[in-house]
K.L.:
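Before I ask anything, let me first share the structure, which is written out below as structure tokens.
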Amino acid sequence: MLKFGGTSVGSAGNIRKVKEIVKSQDDDAIVVVSALGGITDKILNAAKMAILGTDYFNTELTMIRERHEAVVDQLFDGERKEAVKEQVSQLLDELERVIVGVSMIGELTDKTLDKIGGFGERLSSYIISEFIDDASWVDSSKLIKTDSAFGKAQVNFSLTNTLVKAALGEFKGICIAPGFVASNAEGEYTTLGRGGSDYTAAIYAAALDASVLEIWTDVDGFMTADPRVISKAYVIESLSYAEAMELSHFGAKVIYPPTILPVYKKGIPTYIKNTLNPQAPGSLITSSQANAKDRPIKGISSISNISLITVQGLGMVGVTGISMRLFSALALQNINVILISQASSENSISIAVDTGKADAAEQAIRSEFEREIMNGRINKVEVENELSIVAIVGENMKHSTGIAGKLFNTIGKNGVNIMAIAQGASELNISWVVKNSDLRKTLNVVHESFFLSENMEVNVFLLGMGLVGGNLLTQIQQQQEKLLKEKRLKIKLVGVANSRKMLLDREGIAIDGFRDRLDAEGQASGLKAYKDAIIEMNIFNSVFVDCTASNESPTVYADLLNANVSIVTANKVAASSDYDNYRKLKSIAKTKGVKFLFETNVGAGLPIINTLNDLVNSGDKILKIEAVLSGTLNYIFNTISADVPLSKTIQLAKEEGYSEPDPRIDLSGIDVVRKLLILVRESGYKIEKEDVLINKFIPDAYFDGSIDDFWANISQVDADFEQRRQRLEAEKKCWRFVAKYENGQSEVGLQEVEQGHPFYDLQGSNNLVMFTSERYNEFPMIIKGYGAGAAVTAAGVFADIIRVSNI
Ligand SMILES: NC(=O)C1=CN([C@@H]2O[C@H](COP(=O)(O)OP(=O)(O)OC[C@H]3O[C@@H](n4cnc5c(N)ncnc54)[C@H](O)[C@@H]3O)[C@@H](O)[C@H]2O)C=CC1
Ligand SMILES: N[C@@H](CC=O)C(=O)O
């Protein structure tokens with residue numbers, strides 16, 4: 001049993017492919033076909049135009065005629081062509097007569113719609129039966145018998161099975177049959193619902209005990225999700241009937257849902273295959289039980305544009321018959337309920353319906369419960385629009401614990417609000433309602449978190465592409481492939497911005513040549529514009545990476561965290577700002593389940609903050625911090641010599657990429673104050689920058705003017721420093737700019753350190769932090785290493801980005 005859909009028979013080229021597939025069958029075959037793609041819509045549109053009194057129906061009819069004639073012209077030659085054309089023309093004349101009749105009478109009933117709705121299948125099946133040599137043709141409308149519910153008739157299976165068996169039970173060869181069409185007891189045309197050709201094929205297959213049903217369509221099979229939304233969606237090799245039914249019911253338009261039942265009852269294996277790619281294995285639907293090795297969920301599907309109607313009232317609690325009245329009222333209006341969710345307290349019930357039916361549903365409910373609404377037993381009938389239902393489906397869910405927990409945790413962390421949830425006791429399906437605007441993000445998050453996707457994805461929005469930002473991109477580029485291969489982690493750059501321009505691309509920005517692309521395609525930037533664009537994009541697993549030294553960029557952190565975008569920052573301004581702001585950012589991140597990470601704020605790539613967090617989280621108490629925290633200053637005091645004066649060392653520190661973009665921030669001690677503040681705060685103490693005593697070693701006057709004034713004048717301190725340096729050298733001491741916290745007292749300043757002190761041998765731009773804690777008491781914990789430099793800092797930022805992904 002084979003069935004070919006509208007695209008499969010949509011052109012002469014495709015019909016040739018159908019012929020090849022049919023001819024390659026070893027067995028006898030019944031072949032059900034749909035109308036040429038788009039034709040049924042045109043026929044129904046012509047009828048609607050006719051009833052509206054517009055002549056446009058003639059245009060539609062002409063297009064329908066021309067399309068069929070063109071196909072016949074391309075498939076046939078000579079006399080055969082003329083004969084087929086003549087027959088096609090007669091069918092089209094008949095269609096035209098009915099539609100002209102509709103326009104004249106001004107009436108279009110469901111019965112008439114059923115009469116004309118099946119013309120597409122009658123035409124296509126006739127053409128194909130003529131095109132495939134030796135094929136015969138059978139009229140499905142004579143064999144498939146239904147009730148008279150025009151538009152979506154119910155099949156009379158016992159009569160249908162008898163008729164099908166009688167007509168085709170002993171059939172040998174190839175027989176082409178129109179899908180979709182049926183008839184009632186009076187012999188009037190009925191139809192099986194849009195997509196009904198699949199159903200026709202399943203009815204034939206079940207009646208004839210076919211060995212297999214093949215549904216040939218234009219996709220390679222059931223996909224794990226809609227590939228237009230999830231580029232990583234892939235074909236599901238095998239599904240159970242129940243899984244296929246659930247997925248197709250919830251929007252996976254691969255197969256018409258009623259199709260499953262007849263084949264399920266007879267246990268007929270059903271393939272979904274691609275006419276345009278016949279070699280692909282397709283999806284196999286069978287009764288086989290879920291394999292314990294299968295993933296817990298097979299696929300995700302969704303339906304957009306639904307409305308959620310919530311009926312609420314304390315007067316509903318414990319009252320029998322409320323649900324019955326609610327659903328009867330809706331059934332009377334022919335309104336299909338897609339999802340039901342009821343609180344166990346029984347004081348509210350939410351139902352999801354197609355938005356087109358929402359007004360009618362609300363009215364039906366209000367009129368059914370008029371009395372209860374009047375007397376306040378029901379106080380709310382609320383309709384929310386622009387929503388979508390998402391469903392995950394998989395037989396294996398019942399063997400796996402924690403699916404719902406993981407599902408809703410992941411969705412919540414991405415800032416998607418769930419408005420209603422439903423799960424059947426069979427545990428085959430969990431469905432929930434989200435806003436239409438959150439649908440794409442939800443599908444991505446769920447697809448990824450259940451490892452339906454091959455890779456976990458982190459979407460990076462970068463701000464600042466100077467030394468650290470530039471190095472970060474190089475490192476990501478170098479490491480991308482390895483992370484993908486070994487950790488299944490995809491770091492995707494989706495936004496870049498400098499102070500002039502921003503470029504955002506959901507599909508990803510290639511790091512190679514991104515600067516040219518930013519110049520050519522970038523829009524005018526600004527922190528607010530960039531932040532708004534990021535929030536507007538609403539991408540899952542997003543992280544904003546701040547590689548600037550800007551005082552303003554931290555002002556957008558709260559909004560981003562509130563929008564469930566994680567923050568990774570090399571910029572120390574936020575974590576060293578007012579204590580209340582620092583706490584606020586941490587608390588938003590915690591509430592929203594996203595990350596606010598700033599490991600590089602102290603000691604660049606050294607694991608200082610994470611270590612401190614581990615100590616504190618495991619119950620240790622920090623008693624004292626002593627540290628050399630400035631790479632720039634340590635470099636300066638290690639480099640200064642008789643030949644290299646202080647001013648020159650500052651220049652060198654800048655060239656080496658150790659200093660802040662404005663080195664006065666390092667020289668004034670502000671950078672070290674910021675770092676000490678962060679360490680003390682992360683140790684669990686409240687501290688403001690005013691609480692830190694700063695012992696400066698360069699007079700304030702050098703920091704007051706512009707940066708140019710600073711560079712012009714700083715050499716004035718060289719002579720004095722050289723004198724001091726000589727004395728220090730004679731005393732076998734060295735300078736270290738030390739930060740210290742103990743007993744609530746904090747200070748930073750230049751110290752003369754003697755040989756033997758842990759700080760004495762600290763080379764180059766290295767940093768060293770000593771934590772004295774209750775546990776690390778007699779021998780403090782020491783962390784030491786490069787404390788500045790673009791590469792190590794970028795590596796620390798990179799590590800924080802990876803931490804966001806939780807791999
Ligand atoms: N260099 C180092 O060793 C370390 C640096 N850091 C921090 O890393 C950050 C970046 O430092 P570098 O890369 O050395 O500085 P940089 O000056 O080389 O790069 C900063 C970039 O940010 C851009 N920028 C500034 N304000 C901006 C805004 N509002 N919007 C967009 N772009 C903006 C600048 O144009 C520049 O390209 C600083 O906050 C620094 O404190 C942290 C640890 C170590
Ligand atoms: N300018 C800083 C860079 C690291 O934070 C330093 O010199 O330590």
Side-chain angles (χ1 to χ4, degrees), residues 461-474 495-503 515 518 522 524-531 544-557 568-577 597-606 608-609 627-639 649-650 652-676 678-679 707 736-737 739 748 762 764-769 785-800:
F461 292 93
L462 178 65
L463 181 78
M465 289 157 292
L467 284 177
V468 175
N471 267 265
L472 173 69
L473 289 176
T474 310
V496 280
N498 55 29
S499 33
R500 292 172 300 105
K501 284 193 161 181
M502 64 180 183
L503 175 70
R515 285 183 203 269
L518 179 65
S525 184
L527 272 168
K528 185 174 176 309
Y530 193 41
K531 180 244 325 176
F544 175 80
V545 179
D546 184 356
C547 286
T548 73
S550 160
N551 285 320
E552 281 80 46
S553 58
T555 59
V556 301
Y557 292 1
V568 165
T569 180
N571 186 337
K572 299 156 200 135
V573 172
S576 61
S577 61
L597 300 177
F598 42 87
E599 176 61 87
T600 52
N601 281 192
V602 183
L606 293 178
I608 296 175
I609 294 178
V628 170
L629 296 173
S630 171
T632 301
L633 298 183
N634 209 46
Y635 174 83
I636 287 174
F637 296 126
N638 282 328
T639 310
T649 62
I650 301 171
L652 291 172
K654 174 129 183 81
E655 282 164 24
E656 291 291 339
Y658 301 144
S659 79
E660 294 303 295
D662 178 349
R664 292 174 299 176
I665 303 283
D666 300 283
L667 295 166
S668 62
I670 291 176
D671 184 65
V672 175
V673 170
R674 286 175 175 168
K675 290 168 176 168
L676 183 61
I678 295 170
L679 289 184
I707 185 75
R736 295 290 175 243
F737 196 83
V748 303
L762 201 58
S765 63
N766 281 5
N767 279 192
L768 188 153
V769 186
Y786 297 125
V792 288
T793 308
V797 173
F798 195 178
D800 271 352

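Counting starts at 1 for both ligands and their atoms, in listed order.
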K.L.:
Within the structure provided, determine whether Phe637 and Arg736 are in side-chain contact (heavy-atom separation under 4.5 Å).
P.N.:
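Yes, side chains in contact.
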K.L.:
For a 4.5 angstrom cut-off between non-hydrogen side-chain atoms, does Glu660 reach Lys654?
P.N.:
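No, every pair of side-chain atoms sits at 4.5 Å or beyond.
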K.L.:
Side-chain contact, heavy-atom cut-off 4.5 Å: Thr569 with Val545?
P.N.:
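A side-chain contact under 4.5 Å is absent here.
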K.L.:
May I have a table of the N/O to N/O pairs between ligand 1 and the protein that fall below 3.5 Å, each row giving the two atom names and the distance to 0.1 Å?
P.N.:
| residue | atom | partner | partner atom | Å |
| --- | --- | --- | --- | --- |
| ligand 1 | 1 (N) | Gly657 | O | 3.1 |
| ligand 1 | 3 (O) | Gly789 | N | 2.6 |
| ligand 1 | 3 (O) | Thr793 | OG1 | 3.3 |
| ligand 1 | 13 (O) | Leu467 | N | 3.2 |
| ligand 1 | 13 (O) | Val468 | N | 2.7 |
| ligand 1 | 18 (O) | Leu467 | N | 2.9 |
| ligand 1 | 32 (N) | Ser499 | N | 3.4 |
| ligand 1 | 39 (O) | Thr548 | O | 2.7 |
| ligand 1 | 41 (O) | Lys572 | NZ | 3.2 |
| ligand 1 | 41 (O) | Glu660 | OE1 | 2.5 |
| ligand 1 | 41 (O) | Glu660 | OE2 | 3.1 |

K.L.:
Is any side-chain heavy atom of Asn571 closer than 4.5 Å to one of Ser553?
P.N.:
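SC-SC contact between Ser553 and Asn571 confirmed.
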K.L.:
Could you check whether any side-chain heavy atom of Ile608 comes within less than 4.5 Å of a side-chain heavy atom of Glu599, counting everything from C-beta outward?
P.N.:
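They are in side-chain contact.
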K.L.:
Please determine which of Thr600, Val792, Asn471 meets the side-chain contact (heavy atoms from CB on, under 4.5 Å) test together with Val797.
P.N.:
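Result for side-chain contact (heavy atoms from CB on, under 4.5 Å) with Val797: Thr600.
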K.L.:
Quick one, list the residues around ligand 2 where some non-hydrogen atom comes in under 4.0 Å, by chain and residue number.
P.N.:
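Lys572, Leu629, Ser630, Gly631, Thr632, Tyr658, Ser659, Glu660, Asp666, Asp671, Lys675, Gly787, Ala788.
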K.L.:
Taking Thr632 for its side chain and Ser659 for its backbone only, find out whether a donor-acceptor pair lies under 3.5 Å.
P.N.:
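Checked: pair present.
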K.L.:
Between Phe461 and Phe544, is the ring centroid distance below 6.0 Å?
P.N.:
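Judged by ring-centre distance (under 6.0 Å), Phe461 and Phe544 do not meet the cut-off.
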K.L.:
Show your working on side-chain hydrogen bond (donor to acceptor under 3.5 Å, both in side chains) between Tyr658 and Asp666 and close with a plain yes or no.
P.N.:
CA-CA 10 Å; Tyr658 301 144; Asp666 300 283; over 6 Å; no
